[in-house]
Number of protein chains: 2
Amino acid sequence: MNLKEKIRVIEDFPVKGISFKDITTILTDPEAFDYGISEMIKAFGDVDYDVIVAPEARGFIIGAPMALRQHKGFVPIRKPGKLPAETLTFTYELEYGADELQVHVDAITPGLKVLVVDDLLATGGTVKAVKDMVQKLGGEVVGMGFLIELTGLKAREMLQGIRVESIVQYEF
Amino acid sequence: MNLKEKIRVIEDFPVKGISFKDITTILTDPEAFDYGISEMIKAFGDVDYDVIVAPEARGFIIGAPMALRQHKGFVPIRKPGKLPAETLTFTYELEYGADELQVHVDAITPGLKVLVVDDLLATGGTVKAVKDMVQKLGGEVVGMGFLIELTGLKAREMLQGIRVESIVQYEF
């Protein structure tokens with residue numbers, strides 16, 4: 001299957017100049033959704049991991065099914081105020097301003113092997129923050145997987161030392 | 001399995017007096033996560049549906065794996081500004097103030113049989129809005145499923161005529 005054909009590209013969303021990659025057209029196509037999740041799993045077929053970690057909200061759509069199918073734990077990364085138990089709060093810089101993410105501290109135990117996934121790798125700011133959070137709690141990030149990668153934004157330079165896999169690539 | 005034992009209850013979150021049902025302890029336990037999703041699917045084993053619809057963000061953790069396993073489409077309901085194609089925006093009242101949700105209009109075609117799912121049925125305000133959105137686009141809501149139901153909040157009274165299933169019940 002050519003997964004790229006199942007992605008809807010919408011120009012100038014959310015702002016002018018951005019060519020938005022819409023995965024909802026994959027989700028409404030059971031064959032395509034299954035193929036995407038299967039390819040994500042296959043990309044890390046030789047990697048040993050304990051849990052899958054994903055940031056809200058689209059990351060949940062990829063990470064939860066992967067975890068369930070692979071019989072691994074799933075750890076959600078959330079915006080502040082959503083996780084009820086003790087959290088680590090992490091502030092990271094965006095192009096304009098800053099953002100915050102939280103993770104339950106008891107969800108990442110020292111030595112835990114973590115696969116970080118999301119739907120899209122763009123600048124990499126969010127998943128870099130997720131990686132730093134996992135590492136701060138003593139977890140080991142053994143890989144990062146994305147359905148789509150925007151290669152022209154060169155996020156991999158920021159994620160050096162980590163194995164990064166993507167299923168479909170666009171320049172921008 | 002007693003799924004209730006896998007749910008972490010945290011008092012006074014997000015505000016005093018609320019006894020928060022934390023499902024992240026299910027998600028980090030692969031047996032429990034699998035059991036919960038399997039029970040959700042089993043609860044609608046006799047129901048014919050085309051797609052699963054779920055509101056962000058925890059709804060995605062339940063709905064996406066169910067859809068994938070049942071080989072159905074998955075339609076995310078999102079906060080405003082997240083969905084890139086043509087959307088229906090729906091405003092609904094909360095206890096204090098109002099909230100808005102969006103759905104891609106081409107994701108719900110007339111006559112489509114829709115199963116609405118979320119992690120928790122509390123007052124039912126959000127899923128009532130989801131139901132109204134689906135119906136406004138001509139879809140047929142054939143059921144609503146929840147991992148957890150807070151029976152004391154009597155959401156079912158607002159969802160009359162719809163089959164509602166839940167796996168674990170608390171009064172509040």
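Note that the coordinates shown come from a computational prediction; the quantities given were computed from them, not determined experimentally. Just so we're on the same page: letters track the sequence lines, and every chain starts at 1.
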Exercise. Near B:E93 CD, under 6.0 Å, is it more than 12 heavy atoms from other residues, nucleotides or ligands?
Worked result: no
Exercise. Taking A:I37, A:D106, A:L68 one by one, which has the highest count of heavy-atom pairs under 4.5 Å against chain B?
Worked result: A:L68
Exercise. Crowded around B:K4 NZ? As in, over 12 foreign heavy atoms under 6.0 Å?
Worked result: yes
For this session: Considering only heavy atoms and a distance below 4.5 Å, find which of A:P30, A:G73, A:A64, A:P14 pairs most often with chain B.
Result: A:P30
Exercise. What do you reckon, is NZ of A:K72 surrounded by more than 12 foreign heavy atoms closer than 6.0 Å?
Worked result: yes
Exercise. Given that the side chain runs from C-beta out, which part of B:H104 has a heavy atom under 4.5 Å from chain A: side chain, backbone, both or neither?
Worked result: side chain
For this session: Report yes if the distance between the aromatic ring centroids of B:F20 and B:F13 is under 6.0 Å, otherwise no.
Result: yes
For this session: Mind ranking A:I62, A:D29, A:I10 by heavy-atom pairs under 4.5 Å with chain B and telling me who comes out on top?
Result: A:I10
For this session: Please report the shortest heavy-atom distance between B:S38 and B:R69, naming the atom on each side.
Result: OG-NH1, 3.0 Å
Exercise. Per the side chain to side chain donor-acceptor pair (under 3.5 Å) rule, which among B:Q169, B:K21, B:R156 passes with B:E149?
Worked result: B:R156
Exercise. Do NZ/NE/NH1/NH2 and the carboxylate oxygens of A:D132 and A:K136 come within less than 4.0 Å?
Worked result: no
For this session: Measure distances from B:L83 to the heavy atoms of chain A and classify the residue's part below 4.5 Å as side chain, backbone, both or neither.
Result: both
For this session: Just give me the residue among B:V75, B:I61, B:I26, B:T28 that pairs up with chain A most often, heavy atom to heavy atom, under 4.5 Å.
Result: B:I61
Problem set entry | Contact class of B:P84 relative to chain A, heavy atoms under 4.5 angstrom | both
For this session: Go through B:H71, B:K79, B:M66 and name the one with the most non-hydrogen pairs under 4.5 angstrom from chain A.
Result: B:H71
Exercise. Highest number of heavy-atom pairs under 4.5 Å with chain A: which of B:R78, B:R8, B:Q70, B:R58?
Worked result: B:R8
Seminar exercise, completed: Bottom line for B:E31: the part with an atom under 4.5 Å from chain A's heavy atoms is both
